[in-house]
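Each remark here refers to the structure printed beneath this line.
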Amino acid sequence: MTEITPRSEDFSRWYTDVIRRAELADYSPVKGCMVIRPYGYAIWELIQQGLDRRIKATGHVNAYFPLLIPQGLLLKEADHVEGFAPQVAWVTKGGDEVLEEPLLVRPTSEAIIGTMYAKWIQSWRDLPVLINQWANIVRWEKVTRLFLRTTEFLWQEGHTAHETAEEAEAETLTILRLYKEFCETELAMPVLEGRKSESEKFAGADRTYSIEALMGDGRALQAGTSHNLGQNFARAFDIQFQARDKSLQYIWGTSWGVTTRLIGGIIMTHGDDSGLVFPPRVAPYQVVIVPIPRGDWRETVLPHARQIAADLRARDVRVFLDDRDAYTPGWKFAEWEMRGVPLRLEIGPKDIEKGQALLVRRDIREKIAAPREDLPGRIVDLLAAIQQNLFERALRFRADHTTEVSSYEELKQVLEGRPGFVVAPWCGSAECEASIKAETQATIRNLPLEDTAGGTCVRCGRPGIARAYFAKAY
RNA sequence: CGGGGCGUGGCUCAGCCUGGUAGAGCACUCGGUUCGGGACCGAGGGGUCGGAGGUUCAAAUCCUCUCGCCCCGACCA
C-alpha cells in the first residue's frame, strides 16, 4: 500500500499522497488535468448544495452559457484581454475546416454573458439581473497542482447587472459575506475578508474582494473572489438601459466565483499525519460503521449494524457500513481515518451484550461508549461538536500564526521564520508592494474592509492607507 | 518559462555505472484459517522497462531527440 509522507515532514508530498491514496483525485493522461474521483466529487456535490442554496436564497438564479467564446468578444475589454490572453486555450478547427474566427475555451464568462446581457437588458425595470452558472473553465497554467491549480477546473460564477453603483457594490459585498459564512459554517475554514490591492485585482474590475484562508503549512489560500466590475464591461459590451429619468445608462456589473480549489483548502486546513480530516457537513461519509466479526457475526452482529445504519439514514446522516470481510477491523480503522471520516462506530458481540456501540472521533480520537438508545441523536450531536471543534481549532491556528509588525526588519524576520499572516501598515503604492514581494515572496493577500488607516508604511515610511495582510500564498 | 529531480507490473522501488533470458515488497485473484488498531498459510495472474530514433551479434542498461510528472522560482482561482 502506498505510504503517506507525514504532513509534518513534507507538506507538499503529504498533500498529493493523501489525495491519491484516499482516492479524491488522480492524474489524467491530459497534461495539467486531473480526474476528480467519486470520493472527491462527493465533496464537490456537497459544496455545490450548500452554496447553491445560499446563492438562490439571496435572489440569484442559475443558467448556462456556452463553453466556447468567439475571439472577438474577448477582445472587447482591454484589461480583460491583457489579463487572460496568456491563459487561453483556442479552438481553431472544426472537423477539418479551419475556423474563420477562432473560438476560445472560456477562462471565465464575462464576455459571453455580457454579450447576452446587452440583448436582454433594455430598461431599469429589467434590473437587477442576478445569474449564476455552475461550469467548467480552462486556463492554460504553467504549473498545476491537484485541486489548487489545474488546467480545467469546476466552479460557480455569478454575473450580475445593477441600476446603480451602490447596488453593485452592495451585491459584491453581499456575496463576499456569503462566501465567508459558507466557508466557516460548512467547511470549518476561517477566512479573512478584504479588498485586493490594485495589482492583484481581477482583469477588468474596479475593485476585487477576496476571502483568504490559512493552510496548515502557514501559506495563504485565496478561497473566493467577488468583483465590482463598475461599468467597464457594460461599456465594452454595450449593456445599456433606459433609466428612470429617461436617460440612457450603462449597467453596473459584478462577478464572483469559488472553485474546486476549496477542496484543497479543506484538506490543507484540517488534515494531519494520519491523513484527511473532513468537517462533518461536507464529509462524503459522516459515520463509518465497522462491525467486529466473530464467529457467526453475519447473523449476530451485522443485523445490529444494519439497523443502526438505517436509523442514521433516517436522521439524514451519511453513513457507510463497511461489512467487507476481506479486511480486518484494524485495517478498516486506519483506512477510514486516512479517508477523513469524522466519526467511526464499532459494534461487536461485547457491545451488543452491553447494549452499546463504541464511537471514535477523528478530530481528537476520543473513544466513547454510547448506549444504544438514542444513538442517532448522540451521533448527530457529536457531528455538530466535531464541526465546531474543527472550526475553533483552525481559528486558533490562524491566531497563533498572525503577527502584527511595525518595522520592515520585523516583517522580513517573521516571514523567514514562522509562516502565516503578517499584518503591517502599507502606503498603497505598487512599488512597495512589489519590492516586498521580491524580497520576501510574500504578497498582500487583502486589506481589511473596515478603515484601518494609520501608522507608517512598513516599507517606505510614508503614511499608511491600511493595515495589509501579507502572506506567502498558493 | 528558468533551475533541480524522477519515469521499470496497480503502488513504492532495486537493477543501469561495467550491455548478455526483467526482480523485490506491498496491492490483486483463488482456497483456507483469522478479525476490538493496518492478520497468516498455500496456490496464482500481471511488465514491448514513458515514447521515437541510433550504436551493437545483443539495449531497461550506452548515445540523441522527445513526452510526462514532482520540487523550487516567475504567472495565476
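Below, read A as the first sequence line, B as the second, and so on, with proteins coming before strands; counting in each chain starts at 1.
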(request) Answer with yes or no whether the side chains of Asp10(A) and Tyr15(A) bring together a donor and an acceptor at under 3.5 Å. (result) no
(message) Distance check, C1' atoms only: U61(B) and G19(B), in whole angstrom units.
(response) 6 Å
(request) Select from Gln441(A) and Arg20(A) the residue whose nearest nucleotide in RNA chain B is closer to the 5' end of that strand. (result) Arg20(A)
(request) Please list, by residue number, the residues of residues 204-234 of chain A whose heavy atoms come closer than 4.0 Å to an atom of RNA chain B; answer none if no residue qualifies. (result) Gln222(A)
(request) Return no unless some side-chain N or O of Thr328(A) is found under 4.0 Å from OP1 or OP2 of A39(B). (result) yes
(request) Any strand is fair game: report the nucleotide pairing with C75(B) by Watson-Crick or G-U wobble, both distances under 3.5 Å, or none. (result) none
(request) Look at the side chain of Tyr327(A) and decide which nucleotide, out of C76(B), C28(B), G37(B), has an atom nearest to it. (result) C28(B)
(message) With side-chain contact (heavy atoms from CB on, under 4.5 Å) as the test, pick out the partner of Ile19(A) among Leu24(A), Leu276(A), Asp26(A), Ile263(A).
(response) Leu24(A)
(message) Can you check the distance between U48(B) and G5(B), where both ends of the measurement are the P atom (answer in whole Å)?
(response) 29 Å
(message) Under 3.5 Å, is there a donor on one side chain and an acceptor on the other for Thr208(A) and Arg195(A)?
(response) no
(request) Give Thr150(A) one of three labels, base, sugar-phosphate or nothing, depending on what nucleic acid heavy atoms sit under 4.0 Å from its own. (result) base
(request) Using a cut-off of strictly less than 4.0 Å, decide whether Tyr27(A) has a side-chain nitrogen or oxygen near OP1 or OP2 of C70(B). (result) yes
(request) Please check if any side-chain donor atom of Glu169(A) sits under 3.5 Å from a side-chain acceptor atom of Tyr209(A), or the reverse. (result) yes
(message) Is it the case that the side chains of Ser12(A) and Trp14(A) hold a donor-acceptor pair, with the cut-off being a distance below 3.5 Å and no angle test?
(response) no
(message) By nearest atom, which of the nucleotides G38(B), G37(B), G36(B) is closest to the Arg21(A) side chain?
(response) G38(B)
(message) Roughly how many Å apart are C72(B) and G42(B), using the C1' atom of each and rounding to a whole number?
(response) 50 Å
(request) Round to the nearest Å and state the distance from Arg13(A) atom CZ to G5(B) atom P. (result) 17 Å
(message) What's the gap between C11(B) and C70(B) when it is taken at their P atoms, as a whole Å value?
(response) 15 Å
(message) Ignoring hydrogens and geometry beyond distance, is a side-chain donor-acceptor pair present between Thr144(A) and Thr150(A) at under 3.5 Å?
(response) no
(request) Calculate the interatomic distance between Ile292(A) atom CD1 and G37(B) atom C1'; express it in whole Å. (result) 10 Å
(message) Under 4.0 Å, counting only non-hydrogen atoms across every strand here, what does Lys437(A) touch: a base, just sugar-phosphate, or nothing?
(response) sugar-phosphate
(request) Could you work out which one of G36(B), C76(B), G37(B) sits closest to the side chain of Asp351(A)? (result) G36(B)
(request) Name the nucleic acid region contacted by Gln87(A), choosing base, sugar-phosphate or nothing; use a 4.0 angstrom heavy-atom cut-off, strictly under. (result) sugar-phosphate
(message) Between Thr443(A) and Glu200(A), is there a side-chain donor-acceptor contact under 3.5 Å, judged purely by atom types and distance?
(response) no
(request) May I ask you to verify if any side-chain N or O of Arg149(A) is less than 4.0 angstrom from the OP1 or OP2 atom of A77(B)? (result) no
(request) Look through every strand shown and name the nucleotide pairing with C65(B) as Watson-Crick or G-U wobble, where both distances are under 3.5 Å. (result) G51(B)
(request) Specify the separation, in whole Å, of atom CG of Asp10(A) and atom C1' of U12(B). (result) 16 Å
(message) Counting only side-chain heavy atoms from C-beta out, which of U34(B), A74(B), A77(B) sits nearest to Val143(A)?
(response) A74(B)
(request) State which of G36(B), A77(B), A39(B) makes the closest approach to the side chain of Arg139(A). (result) A77(B)
(request) Could you give the distance separating C69(B) and U8(B) at their P atoms, to the nearest angstrom? (result) 14 Å
(request) Please work out if Pro349(A) contacts a base, only the sugar-phosphate, or nothing of the nucleic acid, heavy-atom cut-off 4.0 Å. (result) base
(request) Round to the nearest Å and state the distance from Met34(A) atom CE to C70(B) atom C1'. (result) 17 Å
(message) Please tell me if Arg145(A) has a side-chain N or O lying less than 4.0 Å from either OP1 or OP2 of C71(B).
(response) yes
(message) Any strand counts, and the cut-off is 3.5 Å on both contacts for Watson-Crick or G-U wobble. Which nucleotide pairs with U12(B)?
(response) A24(B)
(request) Write down the distance separating the P atoms in G46(B) and G23(B), rounded off to the nearest Å. (result) 13 Å
(request) Check if the side chain of Arg344(A) and the base of G37(B) share a donor-acceptor pair of N or O atoms closer than 3.5 Å. (result) yes
(message) Could you tell me how far apart Arg324(A) (CZ) and U29(B) (P) are, to the nearest whole angstrom?
(response) 11 Å
(message) Roughly how many Å apart are A24(B) and C35(B), using the C1' atom of each and rounding to a whole number?
(response) 28 Å
(request) Would you kindly give the CD-to-P distance between Glu141(A) and C1(B), to the nearest whole Å? (result) 14 Å
(request) Consider the side chain of Glu337(A), meaning its heavy atoms from C-beta on, and name the nucleotide among G37(B), C35(B), G38(B) that approaches it most closely. (result) G37(B)
(request) Return the set of residues passing ring pair (Phe, Tyr, Trp, His ring centres under 6.0 Å) with Trp90(A) (not counting sequence neighbours), or none when no residue passes. (result) none
(request) Check whether any side-chain nitrogen or oxygen of Lys196(A) sits under 4.0 Å from OP1 or OP2 of C76(B), and answer yes or no. (result) no
(message) Closest-nucleotide mapping onto RNA chain B: is Glu152(A) or Lys350(A) further toward the 5' terminus? I mean the 5' end.
(response) Lys350(A)
(request) Pick base, sugar-phosphate or nothing for Ile137(A), based on heavy-atom distances below 4.0 Å to the nucleic acid. (result) nothing
(message) Looking at C30(B), which nucleotide sits across from it as a Watson-Crick or G-U wobble partner, both distances under 3.5 angstrom, or is there none?
(response) G42(B)
(request) Whole angstrom is fine here: how far is it from NZ in Lys142(A) over to P in C72(B)? (result) 19 Å
(request) Write down the distance between NZ (Lys332(A)) and P (A39(B)), rounded to a whole number of angstrom. (result) 11 Å
(message) For Gln156(A) and Asn62(A): C-alpha separation, side-chain torsions, deciding distance, then whether side-chain contact (heavy atoms from CB on, under 4.5 Å) applies.
(response) CA-CA 10 Å; Gln156(A) 62 66 218; Asn62(A) 285 335; over 6 Å; no
(message) With rounding to the closest Å, how many angstrom separate the P atoms on G15(B) and C30(B)?
(response) 35 Å
(message) We want to know whether Ser210(A) and Gln222(A) form a side-chain donor-acceptor pair, criterion being a heavy-atom distance below 3.5 angstrom.
(response) no
(request) Check whether any side-chain nitrogen or oxygen of Thr16(A) sits under 4.0 Å from OP1 or OP2 of C71(B), and answer yes or no. (result) no
(request) Assess the pair Phe202(A) and His80(A): is the distance between their ring centroids shorter than 6.0 Å? (result) yes
(message) Using a 4.0 Å heavy-atom cut-off, does Gly32(A) contact any base of the nucleic acid, only the sugar-phosphate backbone, or nothing at all?
(response) sugar-phosphate
